[in-house]
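Starting from 1, each residue takes its place in the sequence as its number. Being a predicted model, the structure only gives us computed values, none of them experimental.
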Amino acid sequence: MSNAAQPLKGKVALVAGATRGAGRGIAVELGAAGATVYVTGRSTRAHRSEYDRPETIEDTADLVTAAGGHGIAVPADHLDPAQVRALVDRVADEQGRLDVLVNDIWGGEKLFEWDATVWEHDLDNGLRMLRLAVETHAITSHHALPLLLRHPGGLVVEMTDGTAEYNRDTYRVNFFYDLAKASVLRMAFALAHEIGPRGATAVALTPGWLRSELMLDQFGVREDNWRDALERVPHFAISETPRYVGRAVAALAADPDVARLNGRSLSSGGLAPEYGFTDLDGSRPDAWRYLVEVQDVGKPANTTGYR
């Protein structure tokens, strides 16, 4: 393929938390752009995590390779510094560089309770959610950033839920969830101050309403018939595939002027018109603008002008 078709040829990425959802979509799109992509997680073909779901990091790596990149699956628990150190040492030994780090570790879907107060919420689950959402990112950045900074132009993407503007003004689910997502936004801001002067860029990025494997299962639909859920959940019409935010990351990683965005909070829908990419169906859903202007103010579902 031409360099135009694969602008990330020769680049090395690490997508931490790439078993499913946004992480998988990001890994595949980085592969489609030509990158070598290390994909990590705790669900492998030999062992499932407590999620007990069928998706595995090996499957993700195969999808990366099929898309045109080179996918490499490495099992890793990002709460274990020794495992993360070994992961980064492997990348350094095999590639000698790291150009893109995506901190997408999460794992909290089964831990949070909708609208439960901090005193009502299961404390162990809440604290584990914070560890999975925040501590993992810190551990991974601690070990990976020295390798990323070996060459100028590196990119760190902190994946979260919600833009800084939206989360500033909106209470998100409950105390623990709100704190987790706000912390990741702030991590990107802090990293920008630390790596920006050293030739790299850090941003926070959020997808919109994601049609992840878990979300599709929750609504009892598949990707090929997801609109069947709209009768029950009309605002689901603004949803997007994980590949959409993946294309956002690939566009950022290929942008020679990405440093202008250092420290910024970004969204897939906000970046799509700027970089000219679309979701798989050719649309450009702008979920966060839709939430503010339609869903949150109680208007009936209508995506006209929003995708």
Distance-only criterion, 3.5 Å: show the donor-acceptor pairs between side-chain atoms of residues 63-70 and protein atoms not counting sequence neighbours.
from, atom 1, to, atom 2, distance (Å)
Thr65, OG1, Ala61, O, 3.2
Thr65, OG1, Gly71, N, 3.0

All N/O donor-acceptor pairs, side-chain side in residues 190-198, below 3.5 Å, sequence neighbours left out:
from, atom 1, to, atom 2, distance (Å)
Arg198, NH1, Glu194, O, 2.6

Counting only pairs under 3.5 Å, give me each side-chain donor-acceptor contact of residues 229-238, with atom names and distances, residues two or more places apart or in other chains.
from, atom 1, to, atom 2, distance (Å)
Arg232, NH2, Phe219, O, 3.1
His235, ND1, Tyr290, OH, 2.6

* Residue pair Asp281, Tyr244: steps toward the side-chain hydrogen bond (donor to acceptor under 3.5 Å, both in side chains) verdict -> CA-CA 10 Å; Asp281 63 0; Tyr244 191 48; over 6 Å; no
* Verify side chain to side chain contact (heavy atoms under 4.5 Å, CB included) between Leu147 and Gln95, making sure each step is shown before the conclusion. => CA-CA 10 Å; Leu147 177 58; Gln95 309 297 333; over 6 Å; no
* For Tyr306 and Glu293, run side-chain hydrogen bond (donor to acceptor under 3.5 Å, both in side chains): C-alpha distance rounded to whole Å, both residues' side-chain angles, the deciding distance at 0.1 Å, then the answer. => CA-CA 10 Å; Tyr306 296 95; Glu293 298 176 6; 2.6 Å; yes
* In sequence, state the C-alpha distance, the side-chain angles, and the governing distance for Phe175 and His121, and then conclude on ring pair (Phe, Tyr, Trp, His ring centres under 6.0 Å). => CA-CA 9 Å; Phe175 172 91; His121 198 287; 9.1 Å; no
* To do: Evaluate side chain to side chain contact (heavy atoms under 4.5 Å, CB included) for Arg247 paired with Tyr275, printing each intermediate quantity in order.
  => CA-CA 9 Å; Arg247 291 176 175 180; Tyr275 283 111; over 6 Å; no
* Which is it for Arg20 and Asp59 under the salt bridge (Lys or Arg N to Asp or Glu O under 4.0 Å) test, yes or no, and what are the steps along the way? -> CA-CA 9 Å; Arg20 59 184 67 85; Asp59 294 339; over 6 Å; no
* **Derivation and outcome, side chain to side chain contact (heavy atoms under 4.5 Å, CB included), residues Tyr166 and Asp161** => CA-CA 10 Å; Tyr166 188 85; Asp161 174 25; over 6 Å; no
* Check the pair Arg243 / Phe277 against side chain to side chain contact (heavy atoms under 4.5 Å, CB included), numbers first and verdict last. => CA-CA 11 Å; Arg243 298 282 290 277; Phe277 64 84; over 6 Å; no
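Side-chain contact between Leu252 and Leu271 is present, with heavy atoms from C-beta onward closer than 4.5 Å. Counting heavy atoms from C-beta on, the side chains of Leu14 and Val102 never come closer than 4.5 Å.
One N or O on the side chain of Lys110 and one on the backbone of Tyr51 form a donor-acceptor pair closer than 3.5 Å. One N or O on the side chain of Thr206 and one on the backbone of Gly162 form a donor-acceptor pair closer than 3.5 Å. For Arg307 (side chain) and Ser239 (main-chain N/O), a donor-acceptor pair under 3.5 Å exists by modelled atom type. Under a 3.5 Å cut-off, the side chain of Glu240 and the backbone N or O of Gly208 do form a donor-acceptor pair. Not one N or O on the side chain of Arg289 forms a donor-acceptor pair closer than 3.5 Å with the backbone of Asp286.
Screening Asp104, Thr140, Asn103 for a side-chain hydrogen bond (donor to acceptor under 3.5 Å, both in side chains) involving His78 leaves a single residue, Thr140.
Note on ring orientation: taking the six-membered ring where Trp is involved, the planes of Trp114 and Phe112 are perpendicular (angle over 60°, cut-offs 30° and 60°).
Atom-to-atom distance recorded for Leu132:CG and Leu111:CG is 6.5 Å, nearest 0.5 angstrom. Between Thr60 atom OG1 and Arg24 atom CZ the span is 3.5 Å, to the nearest 0.5 Å. In this structure, CG on Leu148 lies 6.5 Å from CG on Leu101, to the nearest 0.5 angstrom. To the nearest 0.5 Å, atom CG of residue Asn167 and atom OG1 of residue Thr160 are 6.0 Å apart. Put simply, CG on Leu79 and CD1 on Ile105 are 9.0 Å apart, with the number rounded to the nearest 0.5 Å. The distance from the CG atom of Asp296 to the CH2 atom of Trp288 is 9.0 Å, given to the nearest 0.5 Å.
Classification of Arg264 and Glu165 as a salt-bridged pair fails, no side-chain N sitting under 4.0 Å from a carboxylate O. Taking a cutoff of 4.0 Å between a charged side-chain nitrogen and a carboxylate oxygen, Asp217 and Arg53 qualify as a salt bridge.
When every heavy atom of Pro300 is checked against every heavy atom of Val294, the shortest pair comes out as O-CG1, 3.5 Å. Between Ser43 and Thr19, the shortest heavy-atom contact is CB-CG2, 3.7 Å. Taking all atoms of both residues into account, the shortest heavy-atom contact from Met159 to Pro207 is CE-CD, 3.9 Å. Contact between Ala202 and Ala188 at its shortest, heavy atoms only, is CB-O, 3.8 Å. The minimum heavy-atom distance linking Gly96 with His151 is given by the pair O-CE1, 3.5 Å. Among all heavy-atom pairs drawn from Glu213 and Gly21, the shortest one is OE1-N, 2.8 Å.
No hydrogens or angles considered: nothing links the side chains of Asp178 and Tyr171 as a donor-acceptor pair under 3.5 Å. Between the side chains of Thr278 and Arg284, no donor-acceptor pair is found at a separation under 3.5 Å. In this structure, a donor-acceptor pair under 3.5 Å is present between the side chains of His137 and Glu158. Ser49 and Arg42 form no side-chain donor-acceptor contact under 3.5 Å, judged by distance and modelled atom types alone. In this structure, a donor-acceptor pair under 3.5 Å is absent between the side chains of Thr117 and Asn174. Side-chain contact annotation: Thr241 with Asp279, donor-acceptor N/O pair under 3.5 Å present.
Residue-environment remark: CZ (Arg172) exceeds the threshold of 12 foreign heavy atoms within 6.0 Å.
One hydrophobic cluster, built from ILVMFWY side chains closer than 4.5 Å, holds both Leu266 and Val15. Under the 4.5 Å side-chain heavy-atom criterion for grouping Ile, Leu, Val, Met, Phe, Trp and Tyr, Phe189 is not connected to Met187 through any hydrophobic cluster. Note: the hydrophobic cluster containing Val100 does not contain Val156 (ILVMFWY, side chain heavy atoms under 4.5 Å, direct or indirect links). Under a hydrophobic clustering in which Ile, Leu, Val, Met, Phe, Trp and Tyr are joined whenever their side-chain heavy atoms come within less than 4.5 Å, directly or via other members, Val184 and Met129 fall into different clusters. In the hydrophobic clustering of ILVMFWY residues, with side-chain heavy atoms under 4.5 Å counting as a link, Val12 and Leu145 come out together.
Looking at residues two or more places apart in sequence or on another chain, you find a side chain to side chain contact (heavy atoms under 4.5 Å, CB included) between Val74 and Tyr38, Thr40, Ile72, Leu87, Arg90. Considering only residues two or more places apart in sequence or on other chains, Glu223 meets the side-chain hydrogen bond (donor to acceptor under 3.5 Å, both in side chains) condition with Arg211.
Taking the six-membered ring for Trp and the full ring otherwise, Tyr177 and Trp106 have centroids separated by under 6.0 Å.
Among residue pairs with one or both ends in residues 62-88, those qualifying as salt bridge (Lys or Arg N to Asp or Glu O under 4.0 Å) are Arg45-Asp62; sequence neighbours excluded.
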